[in-house]
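Quantities reported herein were computed from a predicted structural model and do not represent experimental measurements. Labels below follow one simple rule: chain letters A, B, ... track the order of the sequence lines, proteins then strands, and each chain is numbered from 1.
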There are 2 protein chains.
Amino acid sequence: MERQDLRDAGLKVTSPRLKVLGILEKSEERHLSAEGIYRLLLESGEELGLATVYRVLTQFEQAGLVSRHNFEGGTAVFELTDKAHHDHMVCLETGAVVEFCDERIEQIQRDIADRYGYTLEDHSLVLYVKPKRKPS
Amino acid sequence: MERQDLRDAGLKVTSPRLKVLGILEKSEERHLSAEGIYRLLLESGEELGLATVYRVLTQFEQAGLVSRHNFEGGTAVFELTDKAHHDHMVCLETGAVVEFCDERIEQIQRDIADRYGYTLEDHSLVLYVKPKRKPS
DNA sequence: ATGTATGCAAAACATTTGCACCTGG
DNA sequence: CCAGGTGCAAATGTTTTGCATACAT
């Protein structure tokens with residue numbers, strides 16, 4: 001029950017927070033912008049302010065409930081952090097987002113940070129791709 | 001001689017363009033924001049508009065002379081594209097930027113895109129790290 | 001009750017653009 | 001000369017913030 005997730009994060013269980021969580025869970029598009037979440041909610045008849053969506057998303061991010069990504073194009077997108085770690089592939093033609101995970105890359109990243117005297121805290125890997133052309 | 005790089009890109013050799021190129025070449029900090037480049041130029045007594053810096057950087061990017069990166073924090077940074085391909089490691093404590101390249105990762109990325117039916121066009125990999133704690 | 005959350009409008013940023021004026025080739 | 005470049009100010013798009021009101025506990 002998500003209400004508990006909110007309490008665990010020290011956040012009151014409020015209507016806007018439940019609505020935003022709800023959209024992130026139910027929408028078929030896993031990766032949504034603040035504006036996108038806002039519009040989906042308005043369209044389904046819910047009332048709330050865009051500023052609140054931003055505030056709620058920022059709090060969720062700090063609580064680890066959602067992850068924020070800055071793909072190309074100025075607008076951040078958010079997704080639930082309920083799945084295992086993964087990276088993203090963005091199709092430059094369709095905008096489709098594919099999630100993938102490769103343990104080899106994860107390991108190499110840790111090695112590289114270590115080699116330079118650092119500890120890996122986080123990373124961002126995005127592949128920008130185009131559909132493979134079928135041989136005609 | 002950089003003037004030729006500009007001509008090759010179909011760009012007139014103008015004073016603002018030479019100034020921006022000059023800063024990118026001479027500054028000890030390889031990764032600069034538009035605002036940063038602008039301020040460095042003003043400080044060294046050069047006159048030019050911030051809007052021009054943005055325009056020039058965008059043109060340079062399209063010409064392949066500079067690369068734009070979106071590290072965390074809303075502000076894009078630019079660097080000369082005169083070196084071989086590399087990725088970046090950003091220290092969360094000092095802001096230091098370390099460049100690295102790992103051919104294994106490059107290869108795995110191509111494989112992954114291919115496995116999903118795509119061709120890799122570009123990618124963005126940034127490691128966020130902290131200095132390793134010395135054992136006390 | 002009371003400390004938080006919210007909504008709205010305004011502010012803050014980074015970046016882009018319209019337009020009249022300049023300039024390189 | 002003239003297409004293209006520049007400066008300035010205004011516009012844009014995204015995200016944040018101040019403040020008065022409303023709500024969860």
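- Under a hydrophobic-cluster definition in which Ile, Leu, Val, Met, Phe, Trp and Tyr are linked whenever side-chain heavy atoms come within less than 4.5 Å, directly or via other members, Val77(B) and Leu24(B) are assigned to different clusters.
- Applying the salt bridge (Lys or Arg N to Asp or Glu O under 4.0 Å) test to every pair with at least one member in residues 93-105 of chain B, sequence neighbours left out, gives these pairs: Arg30(B)-Glu99(B), Lys83(B)-Glu99(B), Glu93(B)-Arg133(B), Asp102(B)-Arg104(B), Glu103(B)-Arg110(B).
- Within the structure, the ring-ring contact (aromatic ring centres under 6.0 Å, His included) test picks out the following pairs touching residues 12-65 of chain B (sequence neighbours left out): His31(B)-His88(B).
- Nearest heavy atom pair, residue Ala96(A) against residue Tyr118(B), reads CB-OH, 4.3 Å.
- Sequence neighbours left out, the pairs with a member in residues 17-26 of chain B that pass salt bridge (Lys or Arg N to Asp or Glu O under 4.0 Å) are Lys19(B)-Glu46(B).
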Using nucleotides 20-23 of chain C, report all nitrogen or oxygen pairs with the protein that are shorter than 3.5 Å.
none

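- Between chain B and DNA chain D, the heavy-atom contact criterion of under 4.0 Å yields a 5' to 3' nucleotide range of dA3(D) to dA9(D).
- Atom CD of Gln59(B) is separated from atom P of dT17(C) by 12 Å (rounded to the nearest Å).
- Listed by first and then second residue, the salt bridge (Lys or Arg N to Asp or Glu O under 4.0 Å) pairs involving residues 57-77 of chain A are Glu61(A)-Arg68(A) (not counting sequence neighbours).
- Not a single salt bridge (Lys or Arg N to Asp or Glu O under 4.0 Å) links Lys12(A) to another residue, sequence neighbours left out.
- Connection of Leu125(A) to Tyr116(A) is established within a shared hydrophobic cluster, with ILVMFWY side chains joined at heavy-atom distances below 4.5 Å, either directly or through further cluster members.
- At a threshold of 4.5 Å between non-hydrogen side-chain atoms, the residues Val129(A) and Val98(A) do not count as touching.
- Less than 4.0 Å separates DNA chain D from at least one heavy atom of each of the following residues of residues 16-27 of chain B: Pro16(B), Arg17(B).
- Side chains of Leu92(B) and Asp122(A) form no contact here, defined as non-hydrogen atoms less than 4.5 Å apart.
- DNA chain C is contacted by both Val13(B) and Thr52(B); Thr52(B) maps to the nucleotide lying nearer its 5′ end (nearest heavy atom per residue).
- Taken to the nearest 0.5 Å, the CG atom of Leu42(B) stands 6.5 Å off from the CG atom of Leu48(B).
- The side chain to side chain contact (heavy atoms under 4.5 Å, CB included) check on Glu43(B) picks up Arg39(B), Leu40(B), with sequence neighbours excluded.
- Val66(B) places none of its side-chain heavy atoms less than 4.5 Å from the side chain of Val20(B).
- Among residues two or more places apart in sequence or in another chain, the side chain to side chain contact (heavy atoms under 4.5 Å, CB included) test is passed with Val126(A) by Phe71(A), Val90(A), Ser124(A), Tyr128(A).
- Within the 4.0 Å cut-off from OP1 or OP2 of dA5(C), not a single side-chain nitrogen or oxygen of Thr14(A) is found.
- Thr81(A) contributes a side-chain N or O that, together with a main-chain N or O of Ser67(A), makes up a donor-acceptor pair within less than 3.5 Å.
- Where the helix from dA1(C)-dT25(D) to dG25(C)-dC1(D) starts and where it ends, the local axes point in directions that differ by 30°; five pairs per end, rounded to 10°.
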Notebook entry, point to check: What does nucleotides 8-15 of chain C look like as a protein-contact string, B for base, S for sugar-phosphate only, - for none, at under 4.0 angstrom between heavy atoms?
Noted result: BB----SB

